[in-house]
Visitor: 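Quick one: structure below, then a few questions.
Note that the structure is a prediction, hence the values are computed from the model and not measured. Numbers restart at 1 for each chain; the letters A, B, ... are given by sequence-line order, proteins then strands.
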2 protein chains.
Amino acid sequence: MAQAKYFELSDARREGFFNISEAAEASGVSAKMIRHYEETGLVPKAGRTVAGYRIYRDADVHVLRFIRRSRDLGFTMKEIGGLLGLWQDKRRASADVKKLAAKHMADLDARIAELQGMRRTLEHLVHCCHGDGRPDCPILDDLAGAGRA
Amino acid sequence: MAQAKYFELSDARREGFFNISEAAEASGVSAKMIRHYEETGLVPKAGRTVAGYRIYRDADVHVLRFIRRSRDLGFTMKEIGGLLGLWQDKRRASADVKKLAAKHMADLDARIAELQGMRRTLEHLVHCCHGDGRPDCPILDDLAGAGRA
DNA sequence: GTCCACCTTCCCACCGTGGGAAGGTCAAGC
DNA sequence: GCTTGACCTTCCCACGGTGGGAAGGTGGAC
C-alpha cells in the first residue's frame with residue numbers, strides 16, 4: 001500500500017504519512033477494519049516504520065474512503081474488490097462498473113422486497129392483536145399454526 | 001424436549017416419535033439447525049434412543065415449526081426465545097407479544113429505509129453512467145470522492 | 001525516567017447457516 | 001449371518017463484517 005520502507009515514525013510524519021489511527025479518522029474506516037482489509041488482501045500491505053507501525057499516505061486513505069463509501073452503499077467485500085480493481089484500471093469499460101452496480105441494485109431490491117413481505121405480514125398480525133392483558137393472541141396463533149391450521 | 005428415555009429406535013417409532021431428519025422434514029428446519037437450537041438452549045434437549053439418536057414428538061415438531069415461521073418473519077433468535085416463552089406461558093398478556101412484534105416491525109422499517117436509501121443513491125449513479133466502453137464513470141467518481149470533492 | 005496513549009499480534013464473540021470429516025447404527029437384501 | 005448404503009452422532013471450519021480485549025512493545029511529552 002504505502003510502499004515505504006522502514007522510516008522512524010517521526011520521519012514518516014514529516015514525509016506526510018499517517019499512522020493507522022489517523023488514517024482511520026481520515027477515512028472513516030476503523031483501525032481494526034483497516035488491519036482486517038489488509039489481512040484479507042482487499043488492500044495491499046501497508047508500509048511500516050522500523051518499529052513495525054503501519055504508515056499510510058493520502059492515496060491509501062483515499063482507497064480506504066472508497067471502501068467506506070462502497071460499504072455505505074451496501075456492496076459486499078467481494079464486490080468492493082471488483083470495484084477497486086476497476087477503479088484502478090484506467091482502461092476499464094464503464095459498462096463493467098455499471099453492470100456491477102446494477103447487479104447490486106437488483107440484490108437490494110430483492111432484499112427490500114423480502115423485508116417488506118415480512119413487514120406486511122407482521123403489520124397484519126399486530127393489527128389483529130388486541131394487545132391487552134388477556135392471553136389470547138393472533139400473533140402467536142399465526143406463528144404456531146400458519147400454513148396448516 | 002421429548003422427555004423420553006432410552007428407546008430402541010424401532011420402539012420409538014411405534015410410539016410416534018420422529019428421528020431428526022423426519023422432524024426436519026416436517027418442520028422445515030434443517031437437522032443441522034435443530035441441533036444448533038438445542039445446543040444454544042432455544043429448545044430443550046431432545047430425548048434419545050439407547051443408541052443416542054435424537055427423537056421428537058409432534059409437539060416438538062410444532063415448536064420447531066413455530067421457530068421456522070418466526071425466522072421467516074425476520075425475528076432474531078433472541079426474539080424467538082421471547083416469543084416461545086410467551087407462547088408457552090398460558091398466562092401471558094397479549095400486549096407483551098404485540099410489543100415484541102411492534103418493536104420488530106420498527107426494526108424492519110429502519111432496515112428497509114436504510115436499504116432504500118442505498119438503492120436511491122445507487123439508482124442515481126447507475127442512471128448517470130453511460131455504461132459503454134469508455135473508462136470514465138460517475139459511479140467510481142462518486143465512490144472515490146463523495147463528501148469532499 | 002516515568003507515564004500514558006498508541007501500536008502490534010492474537011484470540012474470541014456475535015448471528016445464522018452450511019460443509020465436511022470421522023466414527024457408530026439401522027434396516028434391507030442376500 | 002454379513003455387506004451395503006443411508007442415516008445418525010460429534011467435532012471443527014467457513015462465510016460477512018465488526019467489535020472487544022489481553023499481552024507486550026513504542027512514541028513523545030514532561
Visitor: What nucleotide among D:dT10, D:dC7, C:dC7 has an atom nearest to a side-chain atom of A:Ser21?
Guide: C:dC7

Visitor: Heavy atoms under 4.0 Å, any strand shown: does A:Arg71 hit a base, just sugar-phosphate, or nothing?
Guide: sugar-phosphate

Visitor: According to a strict under-4.0 Å criterion, is A:Tyr37 in side-chain N/O contact with OP1 or OP2 of D:dG16?
Guide: no

Visitor: Please state how far atom CD in A:Glu38 lies from atom C1' in C:dT9, giving the value in whole angstrom units.
Guide: 12 Å

Visitor: With a cut-off of less than 4.0 Å, is there a side-chain N or O of A:Arg54 near OP1 or OP2 of C:dC7?
Guide: no

Visitor: Taking the nucleotide of DNA chain C with the closest heavy atom to each, which residue, B:Met77 or B:Lys32, is nearer the 5' end?
Guide: B:Met77

Visitor: Whole Å only: how far is the CD atom of B:Glu22 from the P atom of D:dA6?
Guide: 16 Å

Visitor: Base, sugar-phosphate, or nothing: which does A:Met33 touch, judged by heavy atoms less than 4.0 Å apart?
Guide: base

Visitor: Can you tell whether the side chains of B:Arg111 and B:Glu114 come within less than 4.0 Å, N to carboxylate O?
Guide: yes

Visitor: Less than 4.0 angstrom between a side-chain N/O of B:Tyr53 and OP1 or OP2 of C:dA27, yes or no?
Guide: no

Visitor: Side-chain polar contacts of residues 118-125 of chain B - donor-acceptor pairs under 3.5 angstrom, sequence neighbours left out - could you list them?
Guide:
residue  : atom : partner  : partner atom : Å
B:Arg119 : NH1  : A:Asp109 : OD1          : 2.6
B:Arg119 : NH1  : A:Asp109 : OD2          : 2.5
B:Arg119 : NH2  : B:Glu123 : OE2          : 3.0
B:Thr121 : OG1  : B:Gly117 : O            : 3.2

Visitor: Quick one: is B:Ser30 getting a side-chain N or O under 4.0 Å of the C:dG18 phosphate, OP1 or OP2?
Guide: yes

Visitor: For B:Arg35 and C:dT17, give me the distance from atom CZ to atom C1', rounded to whole Å.
Guide: 14 Å

Visitor: Please state how far atom CZ in B:Phe75 lies from atom P in C:dC15, giving the value in whole angstrom units.
Guide: 17 Å

Visitor: Given D:dC7, D:dG21, D:dG17, which nucleotide is nearest the side-chain atoms of A:Thr76?
Guide: D:dG17

Visitor: State whether A:Asp107 and A:Lys103 are salt-bridged, where the test is any N-O pair (Lys NZ or Arg NE/NH1/NH2 against Asp/Glu carboxylate O) under 4.0 Å.
Guide: yes

Visitor: Provide the closest heavy-atom pair for A:Ala101 versus B:Ile139 in the form atom of the first, atom of the second, distance.
Guide: CB-CD1, 3.9 Å

Visitor: Give the ring-plane orientation class for A:His62 versus A:Trp87, where under 30° counts as parallel, over 60° as perpendicular and anything between as tilted.
Guide: perpendicular

Visitor: Output the rounded distance in Å from CZ (B:Phe18) to P (C:dC26).
Guide: 19 Å

Visitor: What's the closest nucleotide to the A:Ala51 side chain, out of D:dG19, D:dG27, C:dT8?
Guide: D:dG27

Visitor: Please confirm whether the shortest side-chain N or O distance from B:Asn19 to OP1 or OP2 of D:dC7 is below 4.0 Å.
Guide: no

Visitor: Rounded to the nearest angstrom, tell me the gap between atom CD in A:Glu39 and atom P in C:dC10.
Guide: 9 Å

Visitor: Nearest-Å distance, CZ (B:Phe17) to C1' (D:dC8)?
Guide: 17 Å

Visitor: B:Ile20 CD1 to C:dG24 C1': how many Å, rounded?
Guide: 16 Å

Visitor: Is there a side-chain contact between A:Arg68 and the phosphate of D:dG17, meaning an N or O under 4.0 Å from OP1 or OP2?
Guide: no

